[in-house]
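To start, the structure itself, in C-alpha cells.
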Amino acid sequence: MSRFGGRLREYPALSIDRFDRDNLRARAYFLSHCHKDHMKGLRASALKRRLEGSLKVKLYCSPVTKELLLTNWKYKFWENHIVALEVETPTQISLVDETSGEKEDIEVTLLPAGHCPGSVMFLFQGENGTVLYTGDFRLAKGEAARMELLHSGTRVKDIQSVYLDTTFCDPKFYHIPSREECLNGILELVRSWTSLSRYHVVWLNCKAAYGYEYLFINLSEELGIKVHVNKLDMFRNMPEILCHVTTDRHTQIHACRHPRDDDCFRGNRLPCGMTCQNGTPLRIISIKPSTMWFGERIKKTNVIVRTGESTYRACFSFHSSFSEIKDFLRHICPVNVYPNVLPVGGTEDKVMELLQPLCRSYRRNQEPRYKPLGTLKRVHKRDLSDTGKKFYKEDTEKNTAQVLPQESDATSTANCNGVPGDQQEPKADVPRWDTFFKCDRLDESSENEDNFPSSAGAGGSQSLFSDSDGVSDSTHISSQNSSQSTHISEQGSQGWGSQGWDSQMDTVLITSQERNAAEFSCFSRTGSRMIPVPHEAAKESQADNSSWKAPGQNRSGASDVICDLKSKDLEKEAEAGTAHVQEVLVETPDASRAPDLELKRDSQSSSDFEIPLTPDAELPQPDKLYCLYKKLAAGESICLLLP
DNA sequence: GCGATCAGAT
DNA sequence: CACATCTGATCGC
C-alpha cells in the first residue's frame, strides 16, 4: 500500500496520489489509478473548498481513471476540474500559483502501468530534470525498454529520480508467474469445472478493487460465459469490459461480493444469493486470486493450488515481482530512486540497499570492485540498420569474441547515458583463469544481491507450492505450451475436510513450466472422476490489456498480439533461470528469425548470460561459469548471442 | 454528526 | 498470508 506523501522532491508544486495535508496547496494534482490508497483526501471537504475557489487547479489522470472516478458520486464534485490526458501523449502543463502568479511549465507523459484499468505512470520533464513516478505497476521484464517515451532516440532518457512501486521489492518475491501463465491456469480450471454441467459454477473470490477485469474478459472470451458482478455502470463507456460482465445471476462464473461472502460460500450459496437453479443445487467452487511468488531457483510455477474440497487459490498479481522491478530500474538507471511502498515485512533501508545499486547515485560513489567475467560479455555482430525498429541500445557490439574492458552489458551501458563518466570504470584486474577453472563451484554464500535462497522464501508458504514431481498421489493439472491438457476431478467426499490442505495430499496443481516438460500424468487416489478437456492451443491475446486503455483509444492491434506472442517464449526462456550455458551460447543467429524477434529478445531478457555491473552484479550460475571457463580454457570460441 | 485513524477481518 | 477494502471502535472537532 502506498505510503508516498504526494510530492516529488524535484517538483513540489505537484501532488500525486495524495490529496491531504500539504498537498492541499498543490498547483496541480495527478491520480495514477483508482485505488483508495492512492486517493487519500481526494473527497475531503478541505479540497472540495479549494476547488470551489479556483478556476485553475486541475486533476490530471488517464481517461479511464476519469471515467471510473466520476462514476462514483462521492467524487462528482471533481467533474469540472479533471483533465483526462491521453496515454503516451506528452502534454505541457502550466503550473500557476494563484496567489503570487508565479508560473512554471512542465511536460507530463502518461505511460501504461499494467496495474489496473486506467493505471498509469507519470513522466515529468521540466527545469529540475526528468522524473518518473510509477504509481503501482506490473510490467514484465523488458517492457520499460519497449516504451518509446522513456527514450530519446536509441537511449533511455536521463532520468533524475524514479518514485517506485516497491510492493514486492524483496528477493523472496523474486519471481511471480506472468499474467499469461496465471490467466491460463485459472482459465483451464474454470473451463474444467464449468464444462461438467450447467450447475457447476465458479466463484472468483476477488477483492473489491479494480484490476481483475482482464481476468473476467479473458474467461468470458474463452469460455463464452459472462461474469456476474455487483456493479457495472462504471464500465458503461468501456464496451470491451462491459460486454463480458453481467448483473444477471444466471451465469456460471461469478465475481459478485457480499459482506459475508465466505459464509455464503460455506453454505453453498453464492454472494449474490444463488444457491440452485431449476431446483437443482449449484456445485460451487471458489477461486481466490492471491499472489504467489517463487525464489529464483524454483523451476516450476504452480499457479493453481487446491486449498480445500471446493476451494482453490490462483496466482494473480497487480504488482511487479522483484526481478521485474530490478529489470525496470536497471533499464531506467536513474540518479535516484525513492520507494513508494514498504514491502511486507521490509524496511526502507533494506529496500534502498537493494535498489541503490541500480542507480547512478550509488555507482558514482562506489569504488569499482573486482568483476569476474565482466569483460566477457558481448560480441555478436548484428546489423541493426535495416530493422527499422526501435532499439534502445547502444550500438557497440563487436564482431568477434574478445575481451573488452567494458563493464556491463549493452543495456546497462546504454542506460547510463546521462553521465558519460559513469561508463568509464577503471579496468579491473584481469581474472586469473586457472584459479577460477579449478573451482568446482563458486561460493554460493556470496553477498551478491541476486543470489537467492533456494526455496521459495524462508517462512513463506512453500508447502502450497509443492514440487509436483515428488508427490505421487497428487492430481496434477498441467497447463503447458506444448501439450495443454487439463483434468479436473469432481471430488468425492471421503473425509477431505479433515485433511490438512497444505499437505499436498489430493492437491490439484496447475503447473506451468518449461517448454519441454515431462508428459502429463495423473492419479486419483480417491477414485474421482477425471474429465479430460480436449487440447486447445493457448490463446495468447490474453495479455492484451486493451481494456485498460482509454475508451475509444484501443491501441492494441494484431501486431501487438504478435509481438506478445513472440516475446512470451523468450520471456519464459529468460525467466526459467535454468538454461545451461550451452543453450545460451549461440554461434550464429538463425537467419530465418525475424529481426524484431531478436529485438524482442534483446529487450525482453536483460541477460542470457548476464554480467551486470558490479557491485550489484547478478551471480552467474556456477555451472554456467564452469562451462564457460572450460570452453575458454580449451581455446574454443565463445560466441554469445547477446543484446 | 462527521471525519480521521487504527485494528481487524475478509 | 502478502495485491485493497470495508467495518467497527475510538477520538476530536
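Proteins come first, then strands; the chains are lettered A, B, ... in the order of their sequence lines, and each starts at number 1.
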Considering only side-chain heavy atoms of [X], which listed nucleotide, [options], is closest?
X        : options              : result
A:Asp261 : C:dA4, B:dT10, C:dA2 : B:dT10
A:Ser290 : B:dT10, B:dT5, C:dA2 : C:dA2
A:Met1   : B:dT10, C:dA4, C:dA2 : C:dA4

Check whether the ring centres of A:His200 and A:Trp193 lie less than 6.0 Å apart, and answer yes or no.
yes
Ring-ring centroid check A:Tyr212 A:Tyr210, cutoff 6.0 Å:
no
How would you label the contact of [X] with the nucleic acid (heavy atoms, under 4.0 Å): base, sugar-phosphate, or nothing?
X        : answer
A:Pro289 : base
A:Asp20  : nothing
A:Lys40  : sugar-phosphate
A:Phe316 : base
A:Lys207 : base

Could you tell me how far apart [X] ([atom1]) and [N] ([atom2]) are, to the nearest whole angstrom?
X        : N      : atom1 : atom2 : result
A:His319 : C:dC1  : NE2   : P     : 19 Å
A:Lys288 : B:dA9  : NZ    : C1'   : 10 Å
A:Phe318 : C:dA2  : CZ    : P     : 12 Å
A:Phe137 : C:dA4  : CZ    : P     : 13 Å
A:Asn205 : B:dT10 : CG    : P     : 11 Å
A:Arg260 : B:dA9  : CZ    : P     : 13 Å
A:Asp37  : C:dC6  : CG    : P     : 11 Å
A:Met292 : C:dC1  : CE    : P     : 11 Å

Hey, what's the ring geometry for A:Phe19 with A:Tyr29, parallel, tilted or perpendicular (30° and 60° as the breaks)?
tilted
Using 30° and 60° as the class limits, which term best fits the ring planes of A:Tyr133 and A:Tyr163: parallel, tilted or perpendicular?
tilted
Can you see whether [X] engages [Y] through a side-chain donor-acceptor pair at a distance of less than 3.5 angstrom?
X        : Y        : value
A:Asp37  : A:Ser2   : no
A:Ser220 : A:His244 : yes
A:His35  : A:His115 : yes
A:Asp136 : A:His38  : yes
A:Asp165 : A:His319 : yes

Stacked cation flag A:Arg179 on A:Tyr214, 6.0 angstrom / 45 deg
yes
Near DNA chain C, counting only heavy atoms under 4.0 Å, which residues of residues 69-78 of chain A show up?
none
Might you list the N or O atoms of the protein lying below 3.5 Å from N or O atoms in nucleotides 1-3 of chain B, with each pair's distance?
none

Below 4.0 Å: OP1/OP2 of [N] and any side-chain N or O of [X]:
X        : N     : result
A:His115 : C:dA4 : yes
A:Arg313 : C:dA2 : yes
A:Lys172 : C:dA2 : no

Would the number of heavy atoms belonging to other residues, nucleotides or ligands and lying under 6.0 Å from CZ of A:Arg21 be above 12?
no
Indicate yes or no for a side-chain donor-acceptor contact from A:Lys48 to the backbone of A:Phe77 under 3.5 Å, with no hydrogens or angles considered.
no
What are the atom names and distances for every N/O pair under 3.5 Å that joins the protein to nucleotides 11-13 of chain C?
none

For the side chain to side chain contact (heavy atoms under 4.5 Å, CB included) test, which of A:Ser323, A:Ser320, A:Ser321 pairs with A:Ile176?
A:Ser321
